[in-house]
Each structure stands twice: as C-alpha cells, then as structure tokens.
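Naming convention: chains lettered A, B, ... in sequence-line order (proteins, then strands); numbering from 1 in each chain.
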Amino acid sequence: MKLTVNGDTHDIDVDEDMPLLWALRDELNITGPKYGCGIAMCGACTVHIDGLAVRSCSVRAGDVEGEVTTIEGLGSPDAMHAVQEAWNENQVAQCGYCQPGQIMAAASLLTLNPEPTDEIIDQAMSANLCRCGTYPRIRAAVKSAAAKLGGA
Amino acid sequence: MGAVKTIARRTFLIGSAAVAGGAAFGAYKISQPFDNPLEANLENGEFALGDYILIDESGVTIITPKGEMGQGVQTTWAAMVAEELDISWEDVKIDHGPASKAYYNEAVLEEGLPISSLENSGAAKFMRKNIVPIVAKAMTMVTTGGSSSTADGYVKMRAAGATAREALKLAAAKQLGVKASTLKTHGGHVIASDGTKLSYGSLAENSAKVKLPKNIKLKPRSEWRLLGTSLPRLDMKEKVTGTAMFAPDIRLPGMKFATVKTNPHLGGKMNGYDAFKAEKVKGVEKIVPMDNGVIVIANNTWTAFKAADLISFDWAKSDYPDQMEEHYAVVNAAFDKDFDSRQLDNGNVEQAFSDADEIIEGEYRVPYLAHACMEPVNATALLKDGRLDLWAGNQAATDQQTIAMSLTGLTAENVHIHTQYMGGGFGRKSEVDFSEYAVRAAKALEGTPVHVMWSREEDMTHDFYRPIAMGRFKASAKGGKPYAFDMKVACPSIMDSGAKRGGPSIPGSDMTNAMTIWDQPYGIPNYRTSAYRTDPLLPIGAWRSVGGTQNAFFQESMIDELAHHAGLDPLEMRLDLMNNDVCKKVLESVAEMSGWGRKLPEDHAMGCAFALAFGVPTAEVVEIKQTADGIKIINAWATVDVGIPLDPRNIEAQVFGGLNYGLAAAMMGEISVEDGKIVQTNFHDYDSLRMYQAPNVEVKILDNGEHIRGIGEPGTPPAAPALGNAIFALTGQRLRELPFNKFVAFA
C-alpha cells in the first residue's frame, strides 16, 4: 500500500483495515499524531488529508487516497507554521499531548475559514479534548494565527 | 515493594506514624549524604558539579529530576539554577536525570502536618524546619506531586546554581592566577577585572577538580533577572512541533508493540483464558499470562489491541461491592463509626445547636473520578544482558525502579529509568502498574524492547480513582451571623488503598481524608470538623488536589447554604469570617476582578468559593447564563497567593487549567460500578470539558503569603462549589451531588 505523508511516498505492507494512526506511528515511526481514544472522540490523532483535518484513529489506511500531513509536516522547530508560531507565542501547551491534534485542527479551520468568529472557533475546536484545560490560550492562539495568516 | 516509602509515595503521614518513623530511622543515618547520582554515568569529557549540574566543553546541562506533566516544573527548576549560575535563558539545556534517592522531595510531606499552613507559631515552624526534612529524607520520596516542587526546589536548586558558579570562579581564578573575589560571572562566562572572558565550557575539567564551596550566598530577590518573570517554557517548541518525546514515541531497533487486558473486577485474579483466536492473528508474537490478565505482544499496537479483544476470559470477582449504591452505603455507614481525625473543635457545637432557634443541615455526595490523562498509561522496557531500561512518563522515578528491581531481581545500578514527558499526570502516574506490565513484557521477550500501550478502555476501567465521598453538615446563625458549623466528611482512605497494593499498613489518621476542611480561615465561634474513614472499596489514589477535590465542594457549598440561611451575601460573609489577612486579600481581589455584587442581566448569576489547599489561598468566581440549551459558563475569575511567584504566566496556566479540570468533574465527571465492573470506558461516556464549554478566565496572582507555594493543584478545589453556588443563585436549586449534569443541562 502506498501512503504519501509529508511529501514522501511510502510503500508499506499492512492490513488495509489498519487505522491510519497506527500506520503512521508504528509502521512509519511518525509519532506526532497521538493515540488518545481510538474512537474519534478526543482529536489527539488529528492529521490532514489534502489539507483537511481528519481523526487518523478512525480512518482505514486502505481508504487514504490524498496526501497526508502530520504535525511534523506542518512545520519544524526551526521553521514553524504560522499556527505553531502562534501556539509558541501564546505558550499554549501544558502537557502537550493533545496539542499536535489541536494545531492540525486549527490549521485546517483557518484554511476553510481565514477569519473565524469566536463561535466558529469554539465549534471547530470542540472535537479536540485537552485535559490540562488550555482552552483560553488555544482560543487566543487561533485568533493570532488567523491574523498572521491574513497578514501574509 | 514493602518499604515505607512505597506506601507513603503520595500520602501524608506526618500527623501520626511518620514522625515515629523519622525517629526510628535516627538522625545518624539521615545525616549521611547520598552518593552523587550523576557520577556513575558520566560521558567522556563530562563532569558533575554537584547533583544537579553536568558540565562539558559545550557548557552546562541542568538536571531537573521532576516529572514534567504540563505544570512547567522543569522550566521553573531550570530557572532557579540559571538565575544563580548566570547563564542566558537561550543557552539553558536540561535533562530529567536518573532515578535517584538523592532527588528526594523535601516539601511534599508538609501537607500532612497536623498544623495549619496558616499557622506560624514556633512549634509550627519547628515542625516544618526540623521534622519534615528528616522524615522526607528517611522516606526518600522521589515524587512529583502535592504541589510541592516549587517549594522543594526553591532553595536547593538556587544553591546548586550558586555553588557551581562559585566553583567555576575558583577554577578560573586558578587558571588566571587571580583571586576569585575579583571575578564576576555573566552569560555563561567568568569575567576577570581586566576583561578576560572564560566560557564555562572551557573551565569544565578544572571546575570539577575544585572542592565545591559551602556557605554560598544566594542573590536577593531584588537582583533576580529570570525568576519572577514569565519565561518561554523550555518544552514549548517541541510540544507545538510534534517533536516532544512521550514514552509511546520512543522507537528502538527491533521494538515490539503490546497491550494489556486485565480483570475488570479490579484486584481480582484471572481464573483462565482462551487465546485460540488471538494467537492466530497475523502479527501476534506472544501472549503472556499474568495473575490478573494477559499481555499481548505484536508487531504493531493495532494488532495487539485487536488480538486482545479476541481473547475470552474467566475472571474472578473482586472484594468490593458489585453495585454503586452499595459503595455509597459503605461510606454512609462510616459516619456511625469513630472519627478518623477531628482537627478542629472550637467552642462547643453541641451546646450551640441546643441554644439555636433554627438549624440547617444537609448531606452531600460525590462519585469516583478517573484521571483520564490524554496519554493513556504505558511504558517501554528492554531487558538485555542483565540490564533493564525502562522508559515511562512518571511522577515517582524511584518507585518505578523499585518495582522493576523486584520483578527482575536486578540491583539499582542495573535498572535505568528514563523519565519521559507525561501526557498528563494528575496523580495517575505516581502509580507503578504501567511499569510493571512493561517489565513483565520485557522479561517474556528478553533482548527485545517492548512498548506496552494500554487501550483507552483499559486505562479508564483500571484507574486508581478519586474516591467517592460524602459530607454532612449542621449549622446555625445567631444575630444574623454564622454561629455554629459542624462538618463531617467520610470516604475510603487513599492510604489504605495504597497499602493494599504493596505497602505496609500504617497506623494513624489519613490526613488526605481531611484535607481543606479544618485549616480554613473562617472564625466561626463554634466550629467542628471530623473526617471518617471506610474500608477500601475501589482502588483509589491521588487525583489533582487529593482530598481537596471533594472536601472543598462540601465545605464551600455548605458555607454558601449558611450564608443564604442567614440572609447574608455569600462573599461578604466569607470576608467577615476570615481571620487571616492573606486569605482576605485573595477573596477581596477576586471580588473586585469579577465585579461581585454588580447588577447582572436577569438570566445571569455568579457563585464564589474559597479554599486553602496546599497552602495556597485560592478564590474563584464563576458567572453562568441560562440559555435555551441549558446553563452556559461564561466567565471565571481566580485569585491565588503563592507567596513568591516565580513565573507568572505559568502560574496563570496552572490556575485556569486546574479550574477547568475541576469544572469538568463538577459538570460531568462520574465513574460508576455495575456488576463489579467500571461502567465508563472512553470519552463518549466519560467526557470532559470542551472548548465550547470553557469559560473566559482571568487570573490574578498575589504575593502576600509568607512561604513560597506550588500551584499545580490549588486551582481545582474551588471550581465545583463556585459553579454549584452560581447554579443556586440562578435557579434556587441547591445541588448537593456531583456531577451536576444529573440535575441540570449545560449548554
């Protein structure tokens, strides 16, 4: 099976039913997307397929046709994406486990809606749980990321 | 297992047995220093300057042996060292370091003292200064918990930095042939009076030859350049780019992936199992039976999960009651027994009630709660050539080492604990079960690294839960003022539950049961608090703020009931009752910030609560609104006093994070038992606060307190009562049971 992740195409021999999350983590050693629930309830595994957020724990690897982007492909410590920069500037993360998923969800939201209202931010980001309760700073970071992207 | 420290890992025993324990260990043994834990593992060209600083040509690495679970402890501990060591924040490098008793926690036991954190008498100071450190060292609790890290590190980490700085100056003085007193330090360099600059890295080898100076002086607070400011967290860039390493992210050559399936009747044994179908699944390597379940080892996690679900089991039952109401019945019955502790008995409540015109009373209760860290518990282990390596996010590194030693028979030198970032801890990762299964898996597949990831379902149904608890109160007012307040709480003992899974049974009161009920600053003339203790029910453990989670809900709801009964404003009444200025200023601050008393729209209401937990006076106000879809929490305000705030932005994060954790539990948190098994299995039936429900929060930090305090937990206790009191103000309905969503809808 072929999977294109962060610009690289990989040929892997896995069961088509294997969730994309585990193909990424255990077969390709791409560990940015996290396992949190396995039933698309927490969003820690959020990645993009063709730029749109999906819960990789609940997508069959065999069903993936587009290009997969994970947090590693969004930006790197030396070249962060605007959303990551906003997260860094707002010092959002506490434990950090959910944040790759939060950031991927926010990046997808801002692609679809470059100027989201508070209500839309709340709705779009509510699929991602954060047990540390970093929500006030996520809200602020989404807004500052929107401003950065709008200004670019 | 079996040592005092195992049971005492996060319990608080000084009130009784632990003081005796300290004496039994004796001052002689206690005064012996531990070996430097860094010496055994130095790389070529690397030297240790004390227990907390490594130095080589490239500069210094600060050892921050505290579990990072999101509270920012490694950043603040590094800042304490960097402040004195005079290195630039951009140059700070850190490492968790090895599991070592040398890194024991000096502060965590303080919460267990039978003296109020507000008490500053000579006896109280003597206990804190002399008894706590001796017991702490005797127990060598290498733990991250109890909101203790900041206080634990405050002197010793700054001293570590200052000592290393002076050693570097001595080395430079020798090299330059000048007196050390003529040298200064700045930005990772020693600077001579003629302007010569020597980098710390260039002095590495010579500094290690210097005898570490004693009696060093710490900088006064007025000269701080890092501490007291908001620093960028050292882990932030990693955490926003997916490069932070949590234990499940470790990848080793030839690594296998595993999961566990253990008896849903907690503590029960496995009578038998049938793995015929599971063994046939392609990719399954080995199924390892244990007393209480199996480990399934496969070539990827998904295969392990899938195969584990195909195994049929014959489970033995556990020894607690099968149904939830029976659990409450056990707790309820505890009120008829003798109290476990009665820390407060001012005036004469019985007499006061017999004189009272009217008495109000009520009964409260709260359910079990899961920690539900975003990262399910897990660990990775490799047993090879008489050496065990264990990678785990954990709050108690030496406890992980102890369990690994007992399972492998290896000595401490051959058991290497690599503490990773935790994807949430909240007390859950002070346990050792996740390490136990990883070590068992590694033993079954010697020479091969095995990662054991629990499914969310396994994690949720095999927690060490926040105990169920009940509270009862009786109160009366006289002359429009609170006159008598009698409060009783009952719950199973965290200490007993800990003893059941390894440690010895320790006599004496369990002070965690009584946390936050007796040392509150309310000067009610007749005031009594009693804590009752039941036999163990479900396995329970420390859950962010421990006894404070349930007790503050009971107390602050009851105080609110008393205010309404007396016809008083609940916040004003608390202010009038307060006999401590530090606490009073905290409550005044939150009143001002929230605009308490201002005219609100008709469909809005506010509730307030105060709690003194872990020595931090914390006041919170919650504003809610009735909407067509239910109650919406709009705003929350919190004021805390931590004595000496070291990193305001991080403190703010801990306070609103703790508040949100408390709100989630109050609104919807419930773990229940049916047929002896946990009902809730995943986030669909144990949901948490989500973005659309999270209030806007404002936090204020005060510094009037005499002692420096930690802030990981204090934000949590007032959240539930502040919300409940707001709901009463809005609806007139007094909710005496959690979670609130059993009674009202939330939008």
Side-chain angles (χ1 to χ4, degrees), chain A residues 14-15 17-19 21-23 25-27 29-39 41-42 44 70-72 74-77 80-81 83-85 87-88 91-100 103 119 121-139, chain B residues 68-72 230 232-233 235-246 248-249 251 257 282 299-303 305 372-376 421-426 453 455-456 649-650 653-654 656-661 663-664 682-684 687-694 696-697:
Chain A
V14 298
D15 192 324
D17 285 343
M18 178 185 270
L21 172 69
W22 297 113
R25 290 187 56 83
D26 293 357
E27 299 295 326
N29 295 331
I30 296 169
T31 56
K34 306 299 183 201
Y35 167 66
C37 70
I39 56 168
M41 284 298 296
C42 81
T70 70
I71 186 77
E72 292 95 334
L74 194 70
S76 65
M80 288 191 280
H81 182 272
V83 176
Q84 292 168 315
E85 275 174 14
W87 246 248
N88 186 43
Q91 295 280 297
V92 174
Q94 290 187 30
C95 90
Y97 195 79
C98 75
Q99 300 299 346
I103 289 167
E119 202 182 347
I121 293 173
D122 279 2
Q123 280 173 10
M125 298 304 293
S126 281
N128 290 66
L129 274 180
C130 172
R131 288 284 287 159
C132 297
T134 62
Y135 301 120
R137 290 194 186 166
I138 292 178
R139 216 174 261 147
Chain B
E68 179 58 69
M69 60 192 116
Q71 79 281 44
S230 293
R233 283 176 63 135
D235 53 359
M236 191 58 69
K237 275 196 181 179
E238 292 171 79
K239 286 181 174 177
V240 303
T241 53
T243 53
M245 293 296 275
F246 298 87
D249 304 333
R251 290 293 175 272
F257 300 85
K282 191 181 152 204
N299 56 8
N300 62 65
T301 312
W302 177 63
T303 301
F305 282 178
C373 305
M374 289 306 299
E375 175 200 20
Y421 288 137
M422 279 169 267
F426 312 122
M453 170 56 90
S455 67
R456 170 59 64 192
R649 183 169 47 190
N650 190 51
Q654 286 308 297
F656 70 64
L659 186 146
N660 282 339
Y661 199 75
L663 288 179
N682 204 321
F683 290 122
H684 67 290
D687 204 357
S688 186
L689 194 77
R690 291 177 183 269
M691 178 72 105
Y692 74 97
Q693 298 160 314
N696 293 312
V697 189

> Can you list the steps and then say if B:Met691 with A:Asn128 is a side chain to side chain contact (heavy atoms under 4.5 Å, CB included)?
Replying inline: CA-CA 8 Å; B:Met691 178 72 105; A:Asn128 290 66; over 6 Å; no

> For B:Asn696 and A:Arg139, what are the C-alpha separation, side-chain angles and deciding distance, and is it a side chain to side chain contact (heavy atoms under 4.5 Å, CB included)?
Replying inline: CA-CA 10 Å; B:Asn696 293 312; A:Arg139 216 174 261 147; 3.1 Å; yes

Main-chain N/O of [Y] paired to [X] side chain as donor or acceptor, under 3.5 Å:
{"X": "B:Asn660", "Y": "A:Gly133", "result": "yes"}
{"X": "A:Arg131", "Y": "B:Ala372", "result": "yes"}
{"X": "A:Tyr135", "Y": "B:Leu689", "result": "yes"}

Structural part of [X] lying under 4.5 Å from a heavy atom of chain B:
{"X": "A:Met18", "answer": "both"}
{"X": "A:Glu27", "answer": "side chain"}
{"X": "A:Ala23", "answer": "neither"}
{"X": "A:Gln91", "answer": "both"}
{"X": "A:Ser126", "answer": "both"}
{"X": "A:Ile138", "answer": "both"}

Indicate the atoms forming the closest heavy-atom contact of [X] with [Y], along with that distance.
{"X": "B:Gly242", "Y": "A:Ile71", "value": "CA-CG2, 3.6 Å"}
{"X": "A:Gly36", "Y": "B:Pro376", "value": "O-CG, 4.0 Å"}
{"X": "A:Gly96", "Y": "B:Phe246", "value": "C-CZ, 3.8 Å"}

Among the options [options], pick out the one with the most heavy-atom pairs lying under 4.5 Å from chain B.
{"options": "A:Cys98, A:Pro100, A:Ala93, A:Cys130", "result": "A:Ala93"}
{"options": "A:Cys132, A:Ala44, A:Ser76", "result": "A:Cys132"}
{"options": "A:Arg137, A:Met80, A:Glu72", "result": "A:Arg137"}

With a 4.5 angstrom heavy-atom cut-off, which part of [X] approaches chain A: side chain, backbone, both or neither?
{"X": "B:Ala664", "value": "side chain"}
{"X": "B:Met453", "value": "side chain"}
{"X": "B:Arg233", "value": "both"}
{"X": "B:Met69", "value": "backbone"}
{"X": "B:Ser230", "value": "neither"}
{"X": "B:Thr243", "value": "side chain"}
{"X": "B:Phe257", "value": "side chain"}

> Do A:Arg25 and B:Asp249 pass the salt bridge (charged side-chain N to carboxylate O under 4.0 Å, His left out) test, and can you show the C-alpha distance, the side-chain angles, and the key distance before you say yes or no?
Replying inline: CA-CA 8 Å; A:Arg25 290 187 56 83; B:Asp249 304 333; 2.9 Å; yes

Counting C-beta onward and ignoring hydrogens, is there a side-chain heavy-atom pair between [X] and [Y] closer than 4.5 Å?
{"X": "A:Asp15", "Y": "B:Trp302", "value": "yes"}
{"X": "B:Tyr692", "Y": "A:Gln123", "value": "no"}
{"X": "A:Val92", "Y": "B:Val240", "value": "no"}

> With sequence neighbours excluded, what pairs up with A:Gln99 under the side-chain hydrogen bond (donor to acceptor under 3.5 Å, both in side chains) test?
Replying inline: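 For A:Gln99, the residues satisfying side-chain hydrogen bond (donor to acceptor under 3.5 Å, both in side chains) (neighbours in sequence not counted) are A:Trp87, A:Thr134.
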
>> Go through it in stages, so that I can follow the logic: the residues are B:Gln654 and A:Gln94, the test is side chain to side chain contact (heavy atoms under 4.5 Å, CB included), and I'd like the CA-CA distance, side-chain angles, deciding distance and then a yes or no.
In response: CA-CA 8 Å; B:Gln654 286 308 297; A:Gln94 290 187 30; 3.1 Å; yes

Which one of [options] has the most heavy-atom pairs closer than 4.5 Å to chain A?
{"options": "B:Glu375, B:Glu238, B:Met245, B:Glu68", "result": "B:Glu375"}
{"options": "B:Gly658, B:Gly423, B:Gly424", "result": "B:Gly423"}
{"options": "B:Met374, B:Arg456, B:Lys237", "result": "B:Met374"}
{"options": "B:Gly72, B:Ser455, B:Gly425", "result": "B:Ser455"}

> Rounded to the nearest 0.5 Å, how far apart are CG of A:Leu129 and CG of B:Asp687?
Replying inline: 6.0 Å

>> For the CG atom of A:Asp122 and the CZ atom of B:Arg690, what is their distance to the nearest 0.5 Å?
In response: 13.0 Å

> Which word best sums up how the rings of B:Phe305 and A:Tyr35 line up, parallel for under 30°, tilted for 30 to 60°, or perpendicular for over 60°?
Replying inline: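 If you compare the ring of B:Phe305 with that of A:Tyr35, the planes turn out tilted.
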
>> Before you tell me yes or no, could you show the steps for B:Thr241 and A:Ile103 under side chain to side chain contact (heavy atoms under 4.5 Å, CB included), namely the whole-Å CA-CA distance, both residues' side-chain angles and the distance that decides it to 0.1 Å?
In response: CA-CA 9 Å; B:Thr241 53; A:Ile103 289 167; over 6 Å; no

